[in-house]
Amino acid sequence: MTRDVHSILPHRAGTARGGIGRNHEAYSPARGARRRRRSLCFQPGRAEPQLPANKAPTAGLRTISVSGDAEVNVAPDEAFATFGVDTRDAQLLVAKRQNDERVARVLSLVGSLGIDAKDVRTDYISVEPLYQDYDRTNVVGYAAHTTITVTLRDMRKIERLLLGALEAGVNRVDAVNFATTELKKHRDEARALAIKAAQDKARALAAKLGQRIGQPFVVAESAVPPAWAGQQLAQVAITEPGEPDLGVGSIVPGHVTVRAKILVTFQLLR
C-alpha cells in the first residue's frame, strides 16, 4: 500500500491539514510521485548526523607553557676558507695570465698540504675593463678576479693554508668559517638538554603556585642555527700577514655552539 505523502510532510503555517490553502498544493498523481521520491530522504524521529567538534587537546584543562634552552659547545673539525685573487694590467691577456698564475700557485699549495681535489672549487671568475671616467668611454686597463673556496678537514693545517695562500698571491681572505661534521649528534644532545630544562622550569613554576605538572600536551621546537665563536681570521690574515713561526699556531679555531629551544605545554594539576 502506498502512503500518502501528506502524512509525513511538515505542514506549512496558514494551511489546514488535509485541505488546500494558499501555500498548499493540490495532490495529483504526477506531483504525488515527485513528493514520494523526495520523502524517501526524510526519516521522522531520527536526528541529522553531527560532525565531531574539533577541540584542542588542552580544551577545558589547566595548563602551563614553558620554554627550555640548551647549548652544546664542540671543537670544530671542518673549516671553509674563501680566497680572492685580483690582478690588473693595461693589457687584457696580461691581467688574465697573471691571475691564472697566482691561482695555479694557490692550487699547488693546496695539493702540497694533502687537501683532496674535491675539497677545492672556483666559485667566481670575472674579467672586466677599467675606465678612466664615469662615462665609461676611455678604457685604461683590465681587471681579473677569481674566488677560491677550500674545505679543510685537518685543523692543524689552517695557519699554513692561510699564510701560504697569501704568499702565493692571494689578495683577500674573504672568510674562514668553522663547522662540525657531527651536527646531528650534537643537536640531538642539545634537544635532550632543552627538554629537561623545560621540564625543570615547569616543575619549579608549578611548585611556587602549590601545583604540580602532569603529562605534556604540546611539544614544539624553535629552529636555532649553529654559531661559531672564535677569531675573525680574515682580519688577522690581512692586517697581520707577518712571518710568524708556523709551528706556534697563533690561530685558535674556537668552538661551534649548537643550540636548541623547546616549547612545551604541560597539564597543571593540584
Side-chain angles (χ1 to χ4, degrees), residues 69-87 98-126 144-194 221-261:
D69 299 88
E71 63 180 37
V72 176
N73 295 323
V74 297
D77 58 3
E78 194 173 54
F80 304 92
T82 302
F83 304 108
V85 177
D86 303 320
T87 54
Q98 291 176 349
N99 196 277
D100 292 342
E101 291 172 353
R102 295 190 183 191
V103 170
R105 290 198 296 268
V106 173
L107 297 179
S108 176
L109 165 70
V110 170
S112 69
L113 293 176
I115 299 174
D116 199 307
K118 68 181 178 59
D119 291 329
V120 184
R121 70 176 186 267
T122 301
D123 288 331
Y124 178 78
I125 300 175
S126 73
H145 310 280
T146 303
T147 300
I148 305 169
T149 298
V150 179
T151 301
L152 186 64
R153 307 184 192 279
D154 186 350
M155 298 298 98
R156 296 171 300 178
K157 299 178 180 179
I158 184 64
E159 192 160 359
R160 281 185 288 168
L161 173 63
L162 293 176
L163 297 181
L166 291 170
E167 293 175 352
V170 163
N171 307 94
R172 308 183 321 273
V173 180
D174 293 333
V176 177
N177 298 312
F178 293 92
T180 173
T181 56
E182 297 186 326
L183 180 59
K184 183 181 183 302
K185 170 187 172 182
H186 299 305
R187 183 165 282 163
D188 290 344
E189 182 183 355
R191 285 194 188 105
L193 293 173
E221 181 180 19
S222 178
V224 182
W228 167 71
Q231 300 182 39
Q232 296 295 324
L233 295 188
Q235 294 180 8
V236 172
I238 293 177
T239 59
E240 302 177 11
E243 293 185 1
D245 183 358
L246 297 182
V248 174
S250 60
I251 296 176
V252 180
H255 61 264
V256 176
T257 301
V258 182
R259 297 185 175 92
K261 184 180 185 68

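Note that these values count all heavy atoms, side chains included, but never hydrogens, waters or copies made by symmetry.
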Do His145 and Tyr124 come close enough that some side-chain heavy atom pair is under 4.5 Å? yes

Between Arg153 and Asp77, is a salt bridge (charged side-chain N to carboxylate O under 4.0 Å, His left out) present by the stated rule, with each step listed? CA-CA 6 Å; Arg153 307 184 192 279; Asp77 58 3; over 6 Å; no

Would you sort out whether Arg160 and Leu113 count as a side-chain contact (heavy atoms from CB on, under 4.5 Å), showing the intermediate values? CA-CA 8 Å; Arg160 281 185 288 168; Leu113 293 176; 4.2 Å; yes

Show your working on side-chain contact (heavy atoms from CB on, under 4.5 Å) between Leu109 and Arg105 and close with a plain yes or no. CA-CA 6 Å; Leu109 165 70; Arg105 290 198 296 268; over 6 Å; no

Carboxylate-amine/guanidinium contact Glu221 Lys261, below 4.0 Å: no

Minimal non-hydrogen separation, Ile148 against Val106, with atom names: CD1-CG1, 4.1 Å

Closest non-hydrogen contact found for His186 with Glu182 is CD2-O, 3.0 Å

Evaluate the criterion salt bridge (charged side-chain N to carboxylate O under 4.0 Å, His left out) for residue pair Arg172 and Asp86; output intermediate values, then yes/no. CA-CA 8 Å; Arg172 308 183 321 273; Asp86 303 320; 2.4 Å; yes

To the closest 0.5 Å, what do you measure between OG (Ser222) and CZ (Arg259)? 12.5 Å

So Val103 and Asp100, do their side chains get closer than 4.5 Å, heavy atoms only? no

Would you call Asp123 and Arg121 a salt bridge, using N to O less than 4.0 angstrom? yes

Roughly how far, to the nearest 0.5 Å, is CZ of Phe80 from CG of Asn177? 8.0 Å

Hey, does Asn171 have a side-chain heavy atom less than 4.5 Å from the side chain of Arg102? yes

Any chance you could measure Asp119, atom CG, to Thr149, atom OG1, to the nearest 0.5 Å? 11.5 Å

Nearest 0.5 angstrom please: Met155 CE to Glu78 CD, how far? 7.0 Å

Beyond-backbone contact of Ile158 with Leu152, side-chain heavy atoms, under 4.5 angstrom: yes

Closest non-hydrogen contact found for Leu193 with Ala70 is CB-CB, 3.5 Å

Interatomic spacing from CG in Asp174 to CZ in Phe83 - rounded to 0.5 Å: 9.5 Å

Are side-chain heavy atoms of Glu189 and Lys185 found at a separation under 4.5 Å? no

Run Thr257 and Asn73 through side-chain hydrogen bond (donor to acceptor under 3.5 Å, both in side chains) and show every step you take. CA-CA 5 Å; Thr257 301; Asn73 295 323; 2.7 Å; yes

Using the side chain to side chain contact (heavy atoms under 4.5 Å, CB included) rule, pick out the option among Val170, Val150, Val176 that qualifies with Leu162. Val176

Side-chain contact test, heavy atoms from C-beta onward, threshold under 4.5 Å: evaluate it for Pro76 versus Val256 and give yes or no. yes

Derivation of the side-chain contact (heavy atoms from CB on, under 4.5 Å) call for Thr82 and Val173: CA-CA 6 Å; Thr82 302; Val173 180; over 6 Å; no

Where do His255 and Val74 land on the side-chain contact (heavy atoms from CB on, under 4.5 Å) test, with the steps shown first? CA-CA 5 Å; His255 61 264; Val74 297; over 6 Å; no

Using every non-hydrogen atom in the two residues, find where Ala81 and Leu161 come nearest and quote the distance to one decimal. CB-CD2, 4.3 Å

What heavy-atom pair brings Ala260 and Arg191 nearest, and what distance separates the two atoms? CB-N, 3.7 Å

